[in-house]
Every structure is written in C-alpha cells, then in structure tokens.
Amino acid sequence: MLIPIDSPDPQATYELLRREAASYSKELASKPHIVVLTKSDLGMRTPHAPRRYVPKPVAPVVTISAVARQGIPDLLEVLWKTLKS
C-alpha cells in the first residue's frame, strides 16, 4: 500500500485502503501487505516516525523517496522477505 507522507492523515489513508481491499475481496484483505510511505524527501527526518502510522504486527512499514532514491533497497528487502514467508 502506497501512502504519501504528505497525506493530511496517513493513518486514515491506510485504513481507507484496507477497507477498500476488504470490500473488493476478503481474500485480498487477508493477504500480507507492506505499507510504503512515499515522498519522504518532503520532510520526514527520522526513520522511526513512520512506524507510528501502522500498529505492529499489522504490516511492515518502509519509507522511500523515488526522487531522492532513498529507501529502495530497504523496500526490496522487505518485499523479498514478505514473498518468502
């Protein structure tokens, strides 16, 4: 699930995406997922702050910036681990 870090309410955006997935398919909603907070170059300064958006152990949270090319290796690692499990 991609959530822009500059969203007015990232937690509400996450919950909306989860509800939409569940309304589409209960099977889809039950699958493991990853929360990817995007646009971290817009002001996210601490690497642990994004974790407050999604309570553990619901989903791994990764922060990336495509523009600054940050966090992509971390995202790939989390994707790989999630696919292996």
Side-chain angles (χ1 to χ4, degrees):
M1 300 189 165
L2 298 173
I3 302 173
I5 200 74
D6 63 346
S7 169
D9 188 346
Q11 181 65 42
T13 302
Y14 170 76
E15 291 168 3
L16 173 67
L17 291 170
R18 294 292 295 154
R19 283 192 307 272
E20 287 180 357
S23 70
Y24 179 77
S25 164
K26 298 291 182 196
E27 182 181 357
L28 176 62
S30 69
K31 292 186 180 276
H33 63 280
I34 299 167
V35 176
V36 181
L37 297 172
T38 63
K39 302 182 181 180
S40 66
D41 54 294
L42 296 180
M44 202 52 161
R45 299 294 180 232
T46 59
H48 301 294
R51 296 180 184 359
R52 69 185 161 108
Y53 296 122
V54 182
K56 285 190 175 188
V58 174
V61 178
V62 179
T63 304
I64 68 164
S65 169
V67 171
R69 298 182 182 193
Q70 296 172 339
I72 305 302
D74 293 337
L75 174 59
L76 293 174
E77 183 66 26
V78 171
L79 285 169
W80 178 248
K81 287 179 181 176
T82 301
L83 287 172
K84 285 176 56 178
S85 62

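In what follows, residues are counted from 1 in the order of the sequence shown. Just so we're clear, the structure is a prediction, and the values are computed from it rather than from any experiment.
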How far does NE2 of His33 sit from OH of Tyr14, to the nearest 0.5 angstrom? 3.0 Å
Say you draw a straight line from NZ of Lys39 to CD1 of Ile5; how long is it, rounded to the nearest 0.5 Å? 11.0 Å
Minimal non-hydrogen separation, Pro4 against Thr38, with atom names: CA-OG1, 3.2 Å
For residues 70-81, tabulate all N or O donor-acceptor pairs below 3.5 Å that involve a side-chain atom, not counting sequence neighbours.
none

What distance do Thr63 atom OG1 and Leu37 atom CG have between them, rounded to the nearest 0.5 Å? 4.5 Å
Shortest non-hydrogen contact from Ser65 to Ser40? CB-OG, 3.3 Å
Nearest 0.5 Å, please: how far is CG in Leu28 from CZ in Arg18? 8.0 Å
Shortest non-hydrogen contact from Val35 to Ala59? CG2-CB, 4.1 Å
Looking at CG of Asp41 and CZ of Arg69, how far apart are the two atoms once the value is rounded to the nearest 0.5 Å? 12.5 Å
Rounded distance [0.5 Å steps], CD in Glu20 versus CE in Met1: 9.0 Å
